[in-house]
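Below: one structure, written as structure tokens.
Computed from a predicted structure; not experimentally measured. Labels below follow one simple rule: chain letters A, B, ... track the order of the sequence lines, proteins then strands, and each chain is numbered from 1.
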Amino acid sequence: MTTETEQDALNFKIGAVARITGIPADTLRMWERRYTVVSPRRGQGSSRLYSREDITRLTLIKQLVDRGSAISTVANLSREQLLEQLDLMQGGSGYEQAGRNDVSCRVMICGDALPLKMSGEANDYAGIEILGAYASMAEFEMQAAAQQPDVIVLEYPALMPETVSEIRTQLRRSGAKKAIVIYGFATREIVRSLHGGNTIPLRAPVDPLQLRQQCRQALFQSQQQHDSHDEDEFSDDIPVRLFNADELAQLAQASTAVECECPHHLVDIIQRLGSFEAYSAECENRSPEDAALHAYLHGATARVRATMEKALERVVRAEGVDLEQLRGKAVTVKN
DNA sequence: GTTCTAACA
DNA sequence: TGTTAGGA
């Protein structure tokens with residue numbers, strides 16, 4: 001356990017850099033030799049030691065190369081030029097189109113690679129509204145204070161111990177409810193420390209769809225924590241209940257009139273699923289560590305429940321039960 | 001695991 | 001332009 005100082009930030013060996021950036025070690029050497037993409041300083045035995053700046057730079061360059069630029073044309077661009085190039089390739093503007101009519105999760109992004117990735121598929125981002133995407137933390141910080149995002153997404157090539165406190169600071173200053181932290185490389189301890197609470201660590205690469213889901217889920221969780229319980233007001237992915245408790249009870253009764261006991265069993269299954277659904281939703285709030293898992297369980301259960309409800313509806317209709325009439329009764333009982 | 005050069009596709 | 005072989 002050494003005290004991590006600036007020294008640690010300058011110590012990435014070529015293998016680590018290859019893993020973080022996704023550029024093969026051989027290619028890294030080639031790029032350096034032929035185009036002087038970066039000039040890592042040398043350590044023992046003349047092995048290359050890359051800095052964090054090197055890594056962010058390489059990440060940018062990789063983006064451009066992946067998008068069709070010749071390495072020779074981008075190898076010597078400054079950081080600003082690289083960003084500009086990348087921006088041009090996206091068809092510019094992109095980010096700050098207003099949200100849709102539905103409630104969307106307001107997101108702000110800070111990072112090198114991510115802003116571009118996100119804007120590239122902007123159309124797929126129903127449900128989240130990207131307020132802005134920045135490459136510089138300073139700019140991000142200023143804008144975040146003004147925009148008051150729901151969720152901030154911070155991207156780092158590598159997570160350092162000091163990065164963690166920076167994340168918490170940004171979270172506090174922006175007033176966001178959750179921070180999604182995308183990292184290329186980090187020790188287990190650091191990742192663990194980011195689990196739970198208001199931060200969600202995600203290992204890069206994160207595909208845009210996944211990120212979108214995470215954003216919405218993050219917002220959903222934070223809402224759950226605040227307005228204590230909202231019963232069945234689960235957003236989008238959770239199918240609404242087809243039958244309430246009263247209706248189910250009545251259907252169970254009604255089914256005794258018919259020969260087959262299937263409706264009865266179905267009601268039983270649906271009631272149990274409903275209970276577990278509520279239980280898993282509860283867990284979702286209680287333990288932030290397992291929130292994702294419980295959210296999944298909750299969603300899965302709800303979907304099964306919805307399926308079984310449809311089955312019940314069909315069976316009961318086949319048995320000649322008048323659902324509409326029953327509904328009318330149940331509602332008057334309930335309200 | 002790393003460096004380097006040269007040749008190859 | 002990226003990959004591979006060979007030697008260190």
Is the shortest side-chain N/O distance from Trp31(A) to OP1 or OP2 of dT1(C) below 4.0 Å?
no
With sequence neighbours excluded, tell me which residues meet side-chain contact (heavy atoms from CB on, under 4.5 Å) with Arg203(A).
Tyr183(A)
For Thr169(A), enumerate each residue passing the side-chain contact (heavy atoms from CB on, under 4.5 Å) test, keeping only those at least two apart in sequence or located in another chain.
Arg172(A), Arg173(A)
Which pairs, protein N/O on one side and nucleotides 5-8 of chain C N/O on the other, fall under 3.5 Å?
none

On a plain distance test, is the side chain of Arg34(A) in donor-acceptor contact with the base of dG2(C) below 3.5 Å?
yes
Tell me every residue that passes side-chain contact (heavy atoms from CB on, under 4.5 Å) with Tyr156(A), counting only those two or more places apart in sequence or in another chain.
Met137(A), Leu154(A), Leu159(A), Thr163(A), Glu166(A), Ile167(A), Val181(A)
Closest heavy-atom contact between Pro24(A) and Ala18(A)?
C-CB, 4.3 Å
For Glu309(A), give me all partners under salt bridge (charged side-chain N to carboxylate O under 4.0 Å, His left out), at least two apart in sequence or on another chain.
Arg305(A)
For chain A and DNA chain B, what are the first and last nucleotides along the strand, 5' to 3', with at least one atom under 4.0 angstrom from a heavy atom of the protein chain?
dT2(B) to dT5(B)
With a 3.5 Å limit on both atom pairs, tell me what dG1(B) is paired to, counting Watson-Crick and G-U wobble, or say none.
none
Given DNA chain B, 5'-ward residue of the pair Met30(A) and Ser47(A), judged by closest heavy atom
Ser47(A)
If the condition is side-chain contact (heavy atoms from CB on, under 4.5 Å), which residues does Ser69(A) pass it with, not counting sequence neighbours?
Leu64(A), Thr73(A), Val74(A), Met89(A)
Under the salt bridge (charged side-chain N to carboxylate O under 4.0 Å, His left out) test, which residues partner Arg57(A), sequence neighbours left out?
none
With sequence neighbours left out, what residues match Arg272(A) under salt bridge (charged side-chain N to carboxylate O under 4.0 Å, His left out)?
Asp268(A)
